[in-house]
Amino acid sequence: MFSDNATNFAGASSELHELYLLLRQQHTIDAIEDFRMPREIRWHFIPPRSPHVGGLWEAGVKSTKYFIRRTAGETKLTEEEWHTLLVQIEGMLNSRPLIAQTADPTDFKIITPAHLLTGRAINAIPEPSYDAIKPGTLSRWQHIQKMRSDFWKRWSVDYLSQLQQRQKWNKQHTNVRVGDLVLMKEDNIPPLQWKMGRVTELHPGQDAYTRVVSVKTATGVFQRSIVKLAVLPIDDSDRYRGCD
């Protein structure tokens, strides 16, 4: 490393040297080895040429390919245009909610695949809607952004529907509980935006099953049917009963 003799560079050099000496000490090496050895990554492979065994991730790949074909159709795009569209679609896929960050009932923050990849959520610059404009009058950039918006509208609705259907075929669901973090199915949500809320009140029917709940969001409290909600975490085993 070459730099001038500024105090911040001199301090960085001292810090790095101390770290170097620490890592060379035998007790540090032994501690790292003791921590690392029992925690080796175990890699599990599905059978060759058997994508159906991949389950959720292969279903996600299939869904993404399907909606890209539906969105792009026979449109002729350059390599740069394809790159722009696919990177934006990648951002949408990596923005999907996985699990709540905390158990705080006033916290609506979620963990997404982007957090695991970059350590933070993915944000997008707002774009105007081009739905009311004739396709032939759009610039190439506007056309790509319209395709991006069309993909989001189709894929996000399909994704939330899959979350609601998952495991219904072999597990009996319990009622939604107060404090659950839920993903709300809303219309006209812009790309990379997911409307999250916390269940604050249950409204059970005469059969004691809850079909309507009150949900608190960052903008207020709303009543929603549970068919318009997907509970996070999606695959929480303690939420089910009657299944071995």
Separation between OG (Ser156) and CZ (Phe67), nearest 0.5 Å, reads 9.0 Å
Rounded to the nearest 0.5 Å, the CZ atom of Arg69 sits from the OG1 atom of Thr64 at a distance of 10.5 Å
Measure the spacing between CG of Leu232 and CE of Met196 and express it to the nearest 0.5 Å. 4.5 Å
Short side-chain to backbone donor-acceptor contact, Thr71 and Ile68, under 3.5 Å: no
Test your reading of the model: is there a side-chain donor-acceptor pair from Arg198 to the backbone of Phe108, 3.5 Å cut-off? no
State yes or no: do Leu86 and Met147 share one hydrophobic cluster built from I, L, V, M, F, W and Y residues joined by side-chain heavy-atom distances below 4.5 Å, directly or via other members? yes
Give a yes or no answer on whether the side chain of Ser161 reaches the backbone of Val157 with a donor-acceptor pair at less than 3.5 Å. yes
Lys153 and Asp131 ion-paired at < 4.0 Å: yes
Would you say Met184 and Leu229 make side-chain contact, with heavy atoms under 4.5 Å? yes
For Ile111 and Ala100 the tightest heavy-atom approach is CD1-O, 4.4 Å
Short question: side chain of Thr28, backbone of Gln26 - any donor-acceptor pair under 3.5 Å? no
For side chain to side chain contact (heavy atoms under 4.5 Å, CB included), just list the numbers for Leu22 and Gln25, CA-CA rounded to whole Å, side-chain angles, deciding distance to a tenth of an Å, and then say yes or no. CA-CA 5 Å; Leu22 175 64; Gln25 295 177 7; 4.1 Å; yes
According to a 4.5 Å side-chain heavy-atom criterion applied to Ile, Leu, Val, Met, Phe, Trp and Tyr, with indirect links allowed, do Val178 and Val215 form part of one hydrophobic cluster? yes
Exam field: side chain Asp180 to backbone Val182, donor-acceptor pair closer than 3.5 Å: no
Gln145 side chain reached by Trp141 side chain, heavy atoms, under 4.5 Å: yes
Using a 4.5 Å cut-off on heavy atoms from C-beta on, say whether the side chain of Arg148 contacts that of Leu85. yes
Heavy-atom check, side chain of Lys109 versus side chain of Thr102, under 4.5 Å: no
Tell me, with the steps shown, if Ser149 and Tyr130 meet side chain to side chain contact (heavy atoms under 4.5 Å, CB included). CA-CA 9 Å; Ser149 178; Tyr130 301 109; over 6 Å; no
Can you confirm whether Leu77 sits close enough to Arg140 that some side-chain heavy atom of one is under 4.5 Å from a side-chain heavy atom of the other? yes
With a 4.5 Å cut-off on side-chain heavy atoms, are Glu186 and Gln193 touching? no
State yes or no: do Ile122 and Leu183 share one hydrophobic cluster built from I, L, V, M, F, W and Y residues joined by side-chain heavy-atom distances below 4.5 Å, directly or via other members? yes
As a quick check of understanding, evaluate side chain to side chain contact (heavy atoms under 4.5 Å, CB included) for Asp158 and Ser63, giving each step before the final call. CA-CA 8 Å; Asp158 179 76; Ser63 173; 3.2 Å; yes
In terms of relative ring orientation, are Trp155 and Phe151 parallel, tilted or perpendicular, with 30° and 60° separating the classes? parallel
Give a yes or no on this: more than 12 heavy atoms of other residues, nucleotides or ligands lie within 6.0 Å of atom NE2 of His27. yes
Walk me through it: do Arg154 and Asp150 pass the test salt bridge (Lys or Arg N to Asp or Glu O under 4.0 Å)? CA-CA 6 Å; Arg154 292 167 170 160; Asp150 291 343; 5.6 Å; no
Determine the minimum heavy-atom distance between Gln223 and Ser214, stating which atoms define it. CG-OG, 3.7 Å
Of all heavy-atom pairs linking Ala72 and Trp82, the shortest is CB-CH2, 3.7 Å
Side chain to side chain contact (heavy atoms under 4.5 Å, CB included) evaluation trace for Lys146 with Ile133: CA-CA 10 Å; Lys146 185 177 186 306; Ile133 304 177; over 6 Å; no
With the 4.5 Å side-chain cut-off for hydrophobic clustering, are Tyr66 and Ile89 part of the same group? yes
Are the side chains of Trp194 and Ile189 in contact, using a 4.5 Å heavy-atom criterion? no
Thr112 and His115: CA distance, side-chain angles, deciding distance, side-chain hydrogen bond (donor to acceptor under 3.5 Å, both in side chains) verdict: CA-CA 5 Å; Thr112 69; His115 286 86; 2.9 Å; yes
Can you tell me how far apart OH (Tyr209) and CD1 (Ile226) are? Round to the nearest 0.5 Å. 10.5 Å
Quiz item: cation-pi between Lys195 and Phe222, 6.0 Å / 45°: yes
Would you name the heavy atoms of Val212 and Thr210 that are closest together and state the gap between them? O-CG2, 3.3 Å
